[in-house]
Protein chains: 2
Amino acid sequence: MTTAKGNAPEAPEGYDKHAFEPFAVTVDLAVFTVRAAVLQVLLIERGQEPYAGRWALPGGFVLPDESAETAARRELAEETGLSDVTGLHLEQLRTYSEPDRDPRMRVVSVAYAALLPDAPEPHGGGDAARAQWLPYDRLGPLAFDHDRILADAHERVGAKLEYTCLATAFCPPEFTLGELQQVYETVWGTVLDRPNFRRKVLATPGFVELIPGAARLTGGRGKPAALYRAGAAAALHPPLLRPSREGRPI
Amino acid sequence: MTTAKGNAPEAPEGYDKHAFEPFAVTVDLAVFTVRAAVLQVLLIERGQEPYAGRWALPGGFVLPDESAETAARRELAEETGLSDVTGLHLEQLRTYSEPDRDPRMRVVSVAYAALLPDAPEPHGGGDAARAQWLPYDRLGPLAFDHDRILADAHERVGAKLEYTCLATAFCPPEFTLGELQQVYETVWGTVLDRPNFRRKVLATPGFVELIPGAARLTGGRGKPAALYRAGAAAALHPPLLRPSREGRPI
DNA sequence: CCTCTTTATAGTCCGAGTGACTATTAAGGA
DNA sequence: TCCTTAATAGTCACTCGGACTATAAAGAGG
């Protein structure tokens with residue numbers, strides 16, 4: 001880990017025709033999980049100004065020899081306390097660069113969305129700040145422009161459920177079709193017809209594969225459900241569209 | 001708005017627990033147009049090392065009081081020589097931040113994709129470098145990681161044609177359905193059935209609207225085509241999917 | 001002027017996909 | 001044993017889209 005270099009880099013040859021201003025570059029993480037049919041978001045309570053006491057997305061600086069992707073995965077491991085985050089779905093969302101988005105200084109932030117299959121209680125994190133899962137609904141205003149980042153992340157995740165096999169990233173290694181449907185219903189905030197959902201999922205080759213043994217599982221009453229694991233496919237053809245939304249955002 | 005021109009910002013309160021390293025932040029533009037059934041890209045010939053003589057995407061530094069979006073639009077105006085770029089489609093692609101992507105220094109680049117309805121010959125640009133439209137196919141290797149950026153941009157534009165009304169951004173204010181179909185065929189590199197394309201486009205409310213007068217146009221032989229303009233809709237429901245691609249990237 | 005070519009436009013046919021719905025199976029609880 | 005719950009199976013009709021044919025309206029060339 002390098003220290004802050006005390007002098008600004010001079011614009012090297014080839015850059016001399018432009019103004020040159022160093023920026024701080026950070027990553028912000030929108031980490032989602034589905035627990036008990038509720039979409040949960042990992043948030044950190046800020047301990048100091050600005051926005052002291054408000055909830056914020058976890059994140060931090062990109063280190064000098066890191067890519068943003070590497071920094072995001074490092075922060076994800078730190079904030080969740082998980083030892084292995086290599087299998088988790090992590091996806092770059094977009095970059096937020098409004099000049100006044102951080103009142104302290106000029107910060108450009110690369111936002112990532114991450115999906116977790118279950119929700120381990122978060123580790124304190126490297127910041128010793130309070131990290132906690134909170135339901136996506138019922139969130140007060142977040143710090144900085146994190147409301148918008150989180151809304152963008154939610155929209156992206158919802159859209160990707162339509163045309164990719166991403167939903168399995170919310171599920172444990174072995175899951176029932178009911179649990180998979182629950183993911184769709186929770187993220188989309190809709191109710192789906194169970195036989196039709198089942199027909200669609202099973203008709204998509206490589207989406208899920210049956211665990212062939214009589215392996216079954218019961219969450220309580222009712223007929224035990226067959227267990228599936230994620231398949232090899234990445235995309236859904238044709239897509240599994242959300243029920244009638246007329247004007248969907250781009 | 002932050003100052004601190006010329007000297008590195010000190011990590012302010014709240015940031016002191018992190019290492020802090022200033023980065024240069026730039027924008028790179030993948031500017032597309034369709035001319036004569038060929039997908040063209042606006043490129044700049046580099047005059048100096050590294051990659052002297054190679055083609056590169058236009059772009060430049062984000063100025064201290066600019067957002068990346070503002071910088072991208074400014075660069076777009078400079079490079080194309082167009083006086084008004086407010087109506088053009090400009091969309092953030094993703095951010096490239098590999099530590100070694102620019103051998104001179106640490107540069108984080110926010111990439112944008114832009115679509116132009118027709119191809120005015122490019123202005124020299126503020127860099128006095130040679131700017132030129134080149135066909136998307138038959139491009140040698142570009143400078144830096146611009147091959148990958150351009151490929152990502154192409155994939156994104158192709159995907160957005162499926163589920164948005166973006167194709168009209170490639171067309172002049174008044175266009176025929178044949179020209180619109182030409183955009184799809186050129187970007188996708190496929191051939192579409194004309195009656196089916198027509199049926200689909202006209203069945204999507206708000207995609208295009210007929211210019212009601214006997215306004216017609218002939219590009220040469222054949223029956224004159226009716227003229228349309230872009231409608232108010234932004235999304236396509238259901239989408240206009242590319243012909244059979246089995247494993248589509250996410 | 002007539003015919004051929006070209007392009008736009010209209011319409012048909014059929015099969016895949018999906019929404020809405022009903023029926024059956026297999027468990028636990030009263 | 002009966003009821004409830006949840007998974008699974010199956011039906012029916014409608015829509016959409018791919019493939020295809022037919023017609024209309026222009027220019028080119030004899």
Side-chain angles (χ1 to χ4, degrees), chain A residues 36-37 161-163 171 174-185 188 190-228 233 235-246, chain B residues 36-37 161-163 171 174-185 188 190-205 207-228 235-246:
Chain A
L161 289 191
E162 291 191 324
Y163 57 95
C171 294
E174 300 188 343
F175 53 88
T176 69
L177 293 187
E179 292 165 357
L180 187 66
Q181 182 177 349
Q182 188 64 252
V183 168
Y184 276 90
E185 293 181 334
W188 286 349
T190 59
V191 175
L192 301 176
D193 180 82
R194 196 188 300 264
N196 290 341
F197 178 82
R198 172 187 194 75
R199 182 221 291 158
K200 172 69 183 177
V201 169
L202 295 180
T204 302
F207 190 2
V208 298
E209 56 185 39
L210 181 66
I211 298 177
R216 327 196 130 237
L217 167 108
T218 171
R221 287 186 297 204
K223 179 174 176 177
L227 283 177
Y228 294 82
L236 257 50
H237 279 290
L240 175 47
L241 297 174
R242 280 177 269 202
S244 71
R245 289 178 60 186
E246 283 313 303
Chain B
L161 288 191
E162 291 190 325
Y163 57 95
C171 294
E174 300 188 343
F175 53 87
T176 69
L177 293 187
E179 291 165 358
L180 187 66
Q181 181 177 349
Q182 187 64 252
V183 168
Y184 276 90
E185 293 182 335
W188 286 350
T190 60
V191 174
L192 302 177
D193 180 83
R194 196 188 301 262
N196 291 340
F197 178 83
R198 172 185 193 77
R199 182 221 288 159
K200 173 69 184 176
V201 169
L202 295 180
T204 303
F207 191 1
V208 299
E209 57 185 38
L210 181 66
I211 297 175
R216 324 195 133 238
L217 167 108
T218 171
R221 287 187 298 204
K223 180 176 175 176
L227 283 177
Y228 294 82
L236 257 51
H237 278 290
L240 176 48
L241 297 174
R242 279 176 270 202
S244 70
R245 291 178 58 184
E246 282 314 302

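Within every chain, numbering begins at 1; the chains are lettered A, B, ... in the order of the sequence lines, protein sequences first and strands thereafter. Note that this is a predicted model, so its numbers are computed, not measured.
Between dT9(C) and K223(B), no contact under 4.0 Å exists linking OP1 or OP2 to a side-chain N or O. The shortest distance between the side-chain N/O atoms of R194(B) and the OP1/OP2 oxygens of dT9(C) is not below 4.0 Å. Close to dT9(C), at under 4.0 Å from its OP1 or OP2, lies a side-chain N or O of R198(B). Between dA9(D) and R199(A), no contact under 4.0 Å exists linking OP1 or OP2 to a side-chain N or O.
Rounded to whole Å, atom C1' of dG15(C) lies 14 Å from atom CG of N196(B). As a whole-Å value, the separation of Q181(A) CD from dT8(D) P is 11 Å. The interatomic distance linking L227(A) (CG) with dA6(D) (P) rounds to 17 Å, in whole Å. Rounding to whole angstrom units, NZ of residue K200(A) and P of dG19(C) are separated by 9 Å. Taking atom CZ of residue R242(A) and atom P of nucleotide dT18(C), one finds them 16 Å apart after rounding to whole Å. Residue Y163(A) contributes atom OH, which lies 21 Å from atom C1' of dG17(C) at whole-angstrom precision. If you measure from atom CD of E185(B) to atom P of dT7(C), you get 12 Å, rounded to the nearest angstrom. One atom, CG of L180(B), and another, P of dT9(C), lie 12 Å apart when rounded to the nearest Å.
The CD atom of Q181(B) lies 14.0 Å from the NZ atom of K200(B); values are rounded to the nearest 0.5 Å. Atom-to-atom distance recorded for Y184(B):OH and T190(B):OG1 is 11.0 Å, nearest 0.5 angstrom. With rounding to the nearest 0.5 Å, the separation of CG in L227(B) from CD in E179(B) is 7.5 Å. To the nearest 0.5 Å, atoms CG (L241(B)) and OH (Y163(A)) are separated by 12.0 Å.
Here the side chain of A225(A) is nearest to one of dT8(D), dA20(C), dA8(C), namely dT8(D).
Of the two residues near DNA chain C, L177(B) and P239(A), the one whose nearest nucleotide lies more 5' is L177(B). The 5' end of DNA chain D is approached more closely, in terms of each residue's nearest nucleotide, by Y228(A) than by the other of D193(B) and Y228(A).
When every heavy atom of L177(A) is checked against every heavy atom of F197(A), the shortest pair comes out as O-CE2, 3.8 Å.
Contacts of P195(B) with the nucleic acid, taken as non-hydrogen atoms under 4.0 Å apart, include base atoms.
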